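As structure tokens, the structure follows; a few thoughts come after it.
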Amino acid sequence: MADYTIKVRRFQPESGEGPYWEQFDVDLEPSLSVLDALLQTKDREDGSLAVRCSCRAAICGSCGMKINGQSGLGCKTQIGEAQELADKKASAATGASNGSVPIVIEPMGNMPVIKDLVTDMESTHWTKIRRVTPWLLPHGEAPEREYVVEPESMLDITQSMACIQCGACVSSCLSMEADPDFIGPAALAKAYRFVGDPRDAETVERLHDLAEDPHGIYDCTHCFSCIDACPKDVAPMDQIMRLRRKAGEEGIEDPNSGHDHEMAFVKIIEKKGTLDESLLLQESFAPGVKGKLKPSKRAIREMLGSIPTAIRGIRTGKMRSLPKLIPGVHHKLPDGAQDEVQAIYRHAEEHNEEFNLYIKGDEGELAEIEAEEAAND
Amino acid sequence: MTEKIKVAYWPGCVSRGFTPELHGSMALVAERLGIELVTLDRANCCGAGVIAEHNQELADTLNARTFALAQQTGLSMMNICSTCQGAQSECQQRLDADSAYRAHVNEALSGQGLSYEKGKDGFTNKNFLWLLVEDYGLDKLAAQVKRPLSGLRVGPFYGCYIVRPKERLGYDEFPDRDIYLEQVIQALGGEVVEYDGARKCCGFPVITMNRETSLRQAGTHVGDAIDAGADCLVTPCPLCHLNLDMQQPEAAKVVNRDLGLAVLHLPQLVGLALGADPKQLGMSKHIASTGWVEERLGAGAVA
């Protein structure tokens, strides 16, 4: 047994007071969980400590919380590991070990707190999940018995099907922190679960809906927080990128110019090998490379909005030299290198293979299993 | 004495575009530290996650080409951009995971006499931050300091791509990669400022798609650092620098408060401690004035 101290952010609405911190000492094996520590506290110290939980085995998704600032499940985080992380964080700023510091436990972020560690999942998480029509929309008569599909055709959505709706990704989402209207990682991962489902007949409509919402797929800032937070390896951000790819393939125009930005980036590297930022800005809003030179009202507004920044850049010398100021005048790769880049484009466009690490697994492990099987035969 | 470090150097795109001071200060600091840079001038953009979003195989092949060019020199690779680190690590992870996929990607490079080989000569690709701590060494760095950053309160700002996702970025072998900036600041004699935004997103990836969200992120983090008493921020990512420095006056409007906090590139902070002249480090090219930092350090060239 070992002693740990947990520091819990508490909120008791009936008291009329604001949130406050309270520390408790717990006594348990390092391999037991942060949830175990909370339940021991509830049992021995303060029965009013509120925490949601059920299975204690990372299946039900009830005990989402922040531990040392990281969103995850209380039952899947060992108290010993949580202590190590707390100590590392505490010593980072000073470089000296501060001994054992309390493990900080908070309710999930990006949603209202009802009491202590219990958050209101309804007003954010579930509302956003319902926003993406999270059920199958097949066409035609339902088959007499089950739908029959090739097992391989379901592989791509296996990852998103693993979601247990714990909300840890929503809690960690840095886009939602700045824009609460963002549909968010959990709901968008769920959306991909149906967009990628071979039985669904409204894939294109779904993609239009998600791309045309200004707080949809192009509102993700690509920060990877949800990938690290998810206890089930759903990798919500990867699913959002798949949605973008599919929306792009459908040629869907979005109000955020997300697809135009993507295409501009891809075309510039094909033409120049390295990024010409001035050209990227221009092409993201008024795509000439796509053959349409008519900027939208939003594009004109955005371009005008970027003028003060450009003027400041010129003033400090950041953009004094011509190549940095004029879109399209940018250095090129040395002799023949650009041809090599273009050859890669041709090859990749021909194949466009997607490699899903979740499906393919690690080569080393597979080789080991195969070797073992061969040895057993 | 450790061996002299020599690396295949990928400067990235932005360090030669909107943040020329980064490329310049890196060259100056490398010389002072005795790190030899062999520039990969034929290499291409990492795709910054955007090309992968469009066509994963394209991004993987473009980066395989860069790795192959680095491997031709027989050296390991160094980059100076968190986003390059993350985007290239992502592609390298996929290439390393499956020999058949690697062979398929290499087929596209064969016409160029190039091939990416997993683990060849212990090949690694490290951001300057990682190289500084893991290969150069903090003790050796501290011994080079000519102008200790005493009393300078520095807020670290990592950039998402260099800290997440953890399973991709070598944390098994190097579990402290998410506190290296703090360690470097201390080795240089500075004081670490703790604030909320150190490992959060600067907002740059959505600056063209959702300007307000983007600028709110940048403005919030800069504001939090100011409230925590920072004299400046330091970042290993030029894209973060664009949002935190170049866009800072616009971010100030969105968060509706005065900002005005210097944001230094990592080589600039190292360069200051090594005694370099702020002007030579390109600090006059910043949007948010670095005057306060220079004043604090009584800066001019030391030696």
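Only this structure's heavy atoms are used, side chains among them; waters, hydrogens and symmetry mates stay out. Being a predicted model, the structure only gives us computed values, none of them experimental. Chain identifiers are assigned alphabetically (A, B, ...) following the order of the sequence lines, protein sequences preceding nucleic acid strands; residue numbering begins at 1 within each chain.
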Does the side chain of [Y] come within less than 4.5 Å of [X]'s, by heavy atoms?
X: A/Glu340; Y: B/Leu114; result: yes
X: B/Arg42; Y: A/Asp335; result: yes
X: B/Lys200; Y: A/Cys223; result: no
X: B/Gln112; Y: A/Ile344; result: yes

Go through the atoms of [X] and report whether side chain, backbone, both or neither lie under 4.5 Å from a heavy atom of chain A.
X: B/Val163; result: backbone
X: B/Asp245; result: side chain
X: B/Thr220; result: neither
X: B/Thr61; result: both
X: B/Leu69; result: neither
X: B/Ala43; result: backbone

> So, A/Phe265 versus B/His54, ring centres under 6.0 angstrom or not?
Replying inline: no

> Are B/His104 and A/His347 close enough that their ring centers fall under 6.0 Å?
Replying inline: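 Aromatic pair counts; centres sit under 6.0 Å.
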
Determine the option with the most heavy-atom pairs under 4.5 angstrom with chain A, choosing from [options].
options: B/Glu167, B/Gln183, B/Gln247; result: B/Gln247
options: B/Asp178, B/Val105, B/Leu181; result: B/Asp178
options: B/Arg199, B/Glu107, B/Glu191; result: B/Glu107
options: B/Leu242, B/Asp176, B/Val193; result: B/Asp176

Proximity breakdown for [X] and chain B, heavy-atom pairs closer than 4.5 Å:
X: A/Pro255; result: neither
X: A/Leu174; result: both
X: A/Ile269; result: side chain
X: A/Asp339; result: neither

Could you tell me which of [options] has the largest number of non-hydrogen atom pairs under 4.5 Å with chain B?
options: A/Asp254, A/Val341, A/Ile240, A/Val266; value: A/Val266
options: A/Glu349, A/Glu249, A/Glu262; value: A/Glu262
options: A/Asp179, A/Thr274, A/Asp238, A/Asn352; value: A/Asn352

>> Checking side-chain polar atoms at under 3.5 Å, does A/Asp219 have a donor or acceptor matched by the opposite partner on B/Asn210?
In response: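 Present: a donor and an acceptor within the cut-off.
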
>> Can a side-chain donor-acceptor contact be found between B/Glu57 and A/His351 if the only test is distance below 3.5 angstrom?
In response: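 The criterion, which ignores hydrogens and geometry beyond distance, is not satisfied for B/Glu57 and A/His351.
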
If you measure from [atom1] on [X] to [atom2] on [Y], what distance do you get to the nearest 0.5 Å?
X: A/Leu333; Y: B/Cys45; atom1: CG; atom2: SG; answer: 10.5 Å
X: A/Glu283; Y: B/Thr208; atom1: CD; atom2: OG1; answer: 12.5 Å
X: A/Glu350; Y: B/Leu58; atom1: CD; atom2: CG; answer: 13.0 Å
X: B/Asn44; Y: A/Glu270; atom1: CG; atom2: CD; answer: 12.0 Å
X: A/Phe224; Y: B/Leu169; atom1: CZ; atom2: CG; answer: 8.0 Å

> Could you go step by step and tell me if B/Leu62 and A/Tyr345 meet the side-chain contact (heavy atoms from CB on, under 4.5 Å) rule?
Replying inline: CA-CA 8 Å; B/Leu62 286 169; A/Tyr345 267 75; 4.2 Å; yes

Are the side chain of [X] and the backbone N or O of [Y] linked by a donor-acceptor pair below 3.5 Å?
X: A/Lys88; Y: B/Pro175; answer: yes
X: A/Glu277; Y: B/Phe18; answer: yes
X: B/Gln186; Y: A/Ala92; answer: yes
X: B/Gln217; Y: A/Ala178; answer: no
X: B/Gln56; Y: A/Phe355; answer: yes

> Would one find more than 12 heavy atoms of other residues, nucleotides or ligands at under 6.0 Å from atom CD of B/Glu212?
Replying inline: no

>> For A/Lys66, I'd like to know if atom NZ has over 12 heavy atoms of other residues, nucleotides or ligands within 6.0 Å.
In response: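 More than 12 within 6.0 Å, yes.
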
If the threshold is 4.0 Å, N to carboxylate O, is there a salt bridge linking [X] and [Y]?
X: B/Arg216; Y: A/Glu177; value: no
X: A/Arg242; Y: B/Glu53; value: no
X: B/Arg94; Y: A/Glu354; value: no

> Passes side-chain contact (heavy atoms from CB on, under 4.5 Å), B/Met209 versus A/Ser257? Steps please.
Replying inline: CA-CA 6 Å; B/Met209 297 185 243; A/Ser257 309; 5.8 Å; no

> Which is it for B/Arg164 and A/Ile227 under the side-chain contact (heavy atoms from CB on, under 4.5 Å) test, yes or no, and what are the steps along the way?
Replying inline: CA-CA 8 Å; B/Arg164 287 181 294 272; A/Ile227 296 183; over 6 Å; no

>> On a heavy-atom basis, which atom in A/Arg245 and which in B/Ala52 lie closest, and how many Å separate them?
In response: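 Smallest interatomic distance, heavy atoms only, reads NH2-O, 3.1 Å.
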
> Could you go step by step and tell me if A/His222 and B/Tyr161 meet the side-chain contact (heavy atoms from CB on, under 4.5 Å) rule?
Replying inline: CA-CA 9 Å; A/His222 213 277; B/Tyr161 277 82; 2.8 Å; yes

